[in-house]
2 protein chains.
Amino acid sequence: MSPAPLYRQIADAVRMDISTGRLPPGSKLPSERELIDRFGAARGTVRAGLNVLITEGLITPAQGRGYQVQQHEVFTLDASRHENLLFSRPEDGDSFNNDVTQVGRTSSQELRVEVTEASAEAATRLEIPIGDRVVLRYCRYFVDETPWSIQATQYPWWLVNAHPRLADPVDVREGTTRYLADRGVKQVDFHDEWSTRMPTPDEARELQIGPGVPILVWVRTGYSPASQPLRRTVTVLRGDLSRVTYDIGDRKSSPHREAEGQ
Amino acid sequence: MSPAPLYRQIADAVRMDISTGRLPPGSKLPSERELIDRFGAARGTVRAGLNVLITEGLITPAQGRGYQVQQHEVFTLDASRHENLLFSRPEDGDSFNNDVTQVGRTSSQELRVEVTEASAEAATRLEIPIGDRVVLRYCRYFVDETPWSIQATQYPWWLVNAHPRLADPVDVREGTTRYLADRGVKQVDFHDEWSTRMPTPDEARELQIGPGVPILVWVRTGYSPASQPLRRTVTVLRGDLSRVTYDIGDRKSSPHREAEGQ
DNA sequence: AAGTGGTCTAGACCACGTA
DNA sequence: ACGTGGTCTAGACCACTTC
């Protein structure tokens, strides 16, 4: 066995300090110059080692302030209840806002509404021709002032015609799902797709995430009782701040809600 | 606006070549020496630029062979059907194997069985004391010879006592869920938790993933009709090869199965 | 002003893969 | 043998933060 290269030894040593708690979340790492002395390495080698930990999502660098051990406040989303009318009352309003405030945190959002043409994926899901007109409701959600997710929902034009507030460039206070339900358009079935990947530079900027933090991509299609697709929502969630749960079956409530170490 | 640093310009230029299709998935990138000439940069600068794309999961380097644009063959897992006895017949056998062969691909697995003590998280989920004896069934799954997931299931000791094949260090041919069901122990409710993060070095080695590829972590707890926890399974999935779906509601089948670009 | 990380250069030698 | 990436050095100057 050849020995591990020096930059890996540096990464392993610092990673060990983090996992054993010698460097707790939020604490400051030794400076590059200190590590140069400790390991007798050139600066480039030390930086290569620290770079490993950055791409593992363990530390973040800040110009002029040194490196810091990452710390997260995870927010849990219950996807099997979320937007499910059976589990929300009309007075609860927007489901995201509701979920957040219920655990004692604050939420805010930025909304943008456009009329555009359906992308190929959206058209397939919505069972309309590619390029058909759709309303796109684009929203960025914040938990405690931190960007948490970006959401883009497309509604088919026939639905917007019948329910024009979908195209309002302002909040639909009670939530669009509830708005539609109150007008007789109920979403009773959902098809969800989940995947993960590293963010594009644009996504990283909008969610304010650095290198080493992946995102969750959630594509939800909502259906009427007649199995007609009513909308398609793409949500991009910060991986370091998100946990998602599903309950399958008839159990009334999920008994466990504790945080788990990552 | 100050101009972007040179290494970012290099990353952006190559990323553009990839996203426009000039460099299709699987193709070879220009060598570092070529990029040095094209951009008039030092080697370290070119490598810094390529490193950005590596951590974005867009390219992979291979010593002696150059850089290559990443390509994936995504495998979709239907989590709301998976292991659900309502959707599988006894003769189907192990559900993972079944899911894989049904789409014309081959699966294999490595199994290891241990008797250990319950971790804190597992004990909470299984509603047993911390440190209680459990059987741990550890399995690595392959799709088409590629490592795809690592799975660790813990069964409480009272269940193993009653159904001893759970501790057999060999495959339970029909699948453990079916084995238990046939002996009157039905799992009817599931609680699932999903999160994403970068792999630890160990996970990266076992799943054969390079930098820039995140993982999905899936924690499933299975319950009896009396809401007694029967098992807790932690699955670690390669993010670049995995898509997960849930169907919520009564719709018989999900009408759409097409691949989507990533 | 002093200390931190960010960018960049110009070399060197090694390890791996292909031919 | 040759071309590829992998590791490493020893500098330099800049930008930002803290004091």
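Letters A, B, ... mirror the listed sequences (proteins, then strands); counts begin at 1. Being a predicted model, the structure only gives us computed values, none of them experimental.
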For atom CD of A:E32 and atom C1' of D:dA10, their distance in whole Å: 15 Å

Can you tell me how far P of D:dC14 sits from OH of B:Y7, to the nearest Å? 18 Å

For atom CD of A:Q68 and atom P of D:dT17, their distance in whole Å: 14 Å

Could you say whether B:Q63 or A:V46 is positioned toward the 5' end of DNA chain D, judged by the nucleotide with the nearest heavy atom to each? B:Q63

With a 4.0 Å cutoff (strictly under), does any side-chain N or O of A:T45 reach OP1 or OP2 of D:dC8? no

D:dT4 C1' sits how many Å from B:L35 CG, rounded? 13 Å

Whole angstroms only, please: what is the CD1-C1' distance between A:I10 and D:dC8? 11 Å

Residue from A:Q109, A:E110, A:Q151 passing side chain to side chain donor-acceptor pair (under 3.5 Å) with A:R140: A:E110

Taking atom types as modelled, is there a side-chain donor on B:Y246 or B:D192 under 3.5 Å from an acceptor on the other? yes

Between A:R231 and A:T233, does any side-chain donor sit less than 3.5 Å from a side-chain acceptor? yes

What's B:G40 touching, base or sugar-phosphate or nothing? Going by heavy atoms closer than 4.0 Å. sugar-phosphate

Is any side-chain nitrogen or oxygen of A:S31 closer than 4.0 Å to OP1 or OP2 of C:dG3? no

Measure the distance from CD1 on A:I36 to P on D:dT9 and round it to the nearest whole Å. 10 Å

Separation of D:dC8 P from A:L50 CG (nearest whole Å): 14 Å

Using OP1 and OP2 only, check whether a side-chain N or O of A:R43 sits under 4.0 Å from D:dT9. no

Any luck finding a side-chain donor-acceptor pair between B:T76 and B:D78 under 3.5 Å? no

According to a strict under-4.0 Å criterion, is A:R65 in side-chain N/O contact with OP1 or OP2 of C:dG5? no

Any N/O donor-acceptor pair, A:R8 side-chain to D:dG6 base, under 3.5 Å: no

So if I take every side-chain heavy atom of B:P5 and compare against C:dT7, D:dT9, C:dA10, which nucleotide ends up nearest? C:dT7

Taking atom types as modelled, is there a side-chain donor on B:Q70 or B:T60 under 3.5 Å from an acceptor on the other? yes

At 4.0 Å (heavy atoms only), tell me whether A:A48 reaches a base, stays on the sugar-phosphate, or touches nothing. nothing

Listed nucleotide nearest any side-chain atom of B:R33, set C:dG6, D:dT7, D:dT4: D:dT4

Rounded to whole angstroms, how far apart are CZ on B:R47 and C1' on C:dC14? 13 Å

Does B:Y67 place a side-chain N or O at less than 4.0 Å from the phosphate oxygens OP1/OP2 of D:dG6? yes

